[in-house]
Amino acid sequence: MKARNILALMAAAVMMLTACDEVAEEDRLVYVKPPEVARCTVIEDFTGQRCINCPAASAEIEKLQEQYGVDTLIAVGIHSGPFAQKTDLVTDIGNQYYDYFKIDAQPSAMINRGAPIKDPALYGAAVREALSKTTPVTLKVERTYDEASRQLTVKVIGSTAEDVNCKLQLWLTEDGIVKLQLLPNNERDANYVHNHVFRTSLTNDIFGDPFNLSASAGEKESTYTTTLDEGWNPDMMHIVAFVFDSNEILQATRKAVK
């Protein structure tokens with residue numbers, strides 16, 4: 001019995017070796033495309049302290065973030081336009097975005113760089129659609145922050161499963177800013193908390209730097225350095241990075257400054 005079993009095993013081994021020899025050389029290594037990954041979504045909220053309907057839009061965004069997570073649905077509040085109070089919440093860059101994207105009402109929100117949406121009741125459907133998509137792009141952020149100098153260095157690392165021509169946008173936001181906000185019926189809330197407030201852009205071009213990605217080239221890196229303004233609280237700040245093409249935001253990520 002043992003000899004018979006040994007002969008059977010030897011015969012099977014011979015058959016396996018023969019089968020392998022019949023496979024053409026070019027067919028032995030088959031490229032498998034890397035899987036696409038989930039896409040994070042950016043909601044750019046054009047808002048202002050004198051916009052009486054903007055608090056309702058902010059509340060809707062926070063509700064959606066509670067549902068999907070603040071790192072999955074990344075919000076940026078851009079104080080700009082005619083309803084912006086003349087305070088440090090407003091930036092020249094934010095006003096340039098307001099004009100460039102032809103925002104004509106507040107509140108208005110762009111979700112993954114789609115057309116501006118004026119009705120907060122429609123945010124949810126647009127967010128769900130955006131989050132249902134996958135993307136070939138992976139994006140991550142590394143950072144170092146020096147307390148003494150308030151210097152922040154940010155490295156953005158991107159990779160892709162297929163070649164894409166895109167740009168990189170890199171922003172700083174701040175949470176927990178207590179300042180005046182007008183409410184419906186022109187009520188004034190002096191203790192209103194403004195979150196995810198756009199502070200500045202770190203890219204060389206405020207509309208994004210070239211960041212083309214290639215599947216064969218592997219990871220691509222870009223590094224930026226800035227010094228935080230004295231009035232900003234680094235404990236409440238985040239880095240928001242995203243890559244986009246002419247149609248939409250392909251991937252985004254968010255990381256605390258500290």
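No hydrogens, no waters, no symmetry mates; every other heavy atom, side chains included, goes into these values.
Put simply, CG on Leu139 and CD on Glu219 are 10.5 Å apart, with the number rounded to the nearest 0.5 Å. Note: Leu170 CG to Thr203 OG1 = 6.5 Å, rounded to the nearest 0.5 Å. Here His238 contributes atom NE2 and Ile74 contributes atom CD1; the two are 10.0 Å apart, rounded to the nearest 0.5 Å. Interatomic distance, Ile111 CD1 to Ile43 CD1, rounded to the nearest 0.5 Å: 4.0 Å. Residue Leu180 holds its CG atom at 7.0 Å from NE2 of His194, rounded to the nearest 0.5 Å. Interatomic distance, Phe101 CZ to Glu44 CD, rounded to the nearest 0.5 Å: 5.5 Å.
Under a 3.5 Å cut-off, the side chain of Gln65 and the backbone N or O of Asp71 do not form any donor-acceptor pair. Side chain of Thr91 to main chain of Arg199: no donor-acceptor pair is present (N/O by atom type, distance under 3.5 Å, no hydrogens or angles). Under a 3.5 Å cut-off, the side chain of Gln106 and the backbone N or O of Asn53 do not form any donor-acceptor pair.
Contact of the Leu250 side chain with the Asp245 side chain is registered, since non-hydrogen atoms from C-beta on lie closer than 4.5 Å. Lys155 has its side chain out of reach of Tyr224: every pair of non-hydrogen atoms, C-beta onward, lies at least 4.5 Å apart. Within the 4.5 Å cutoff, the side chain of Tyr98 has heavy atoms near those of the Pro82 side chain. Residues Ser214 and Asp163 are in side-chain contact: their nearest non-hydrogen atoms beyond the backbone lie under 4.5 Å apart. No side-chain heavy atom of Asp209 sits under 4.5 Å from any side-chain heavy atom of Ser222. The shortest side-chain heavy-atom distance between Ser80 and Tyr97 does not fall under the 4.5 Å cut-off.
Within 6.0 Å of the CG atom in Asp92, the count of heavy atoms belonging to other residues, nucleotides or ligands does not exceed 12. Counted within 6.0 Å of CD on Glu129, heavy atoms from surrounding residues, nucleotides or ligands total 12 or fewer; the atom is thus considered open. Crowding of Lys63 atom NZ: a count of heavy atoms from other residues, nucleotides or ligands under 6.0 Å not exceeding 12.
When each of Val76, Val240, Thr226 is paired with Leu172, the side-chain contact (heavy atoms from CB on, under 4.5 Å) condition holds for Thr226 and for no other.
Each salt bridge (charged side-chain N to carboxylate O under 4.0 Å, His left out) pair with one or both residues in residues 93-108, not counting sequence neighbours, appears once here: Asp104-Lys118.
Under the 6.0 Å distance and 45° angle rule, Lys167 does not count as a cation-pi partner of Phe207.
Between Pro120 and Glu60 the shortest heavy-atom distance is O-CG, 3.4 Å.
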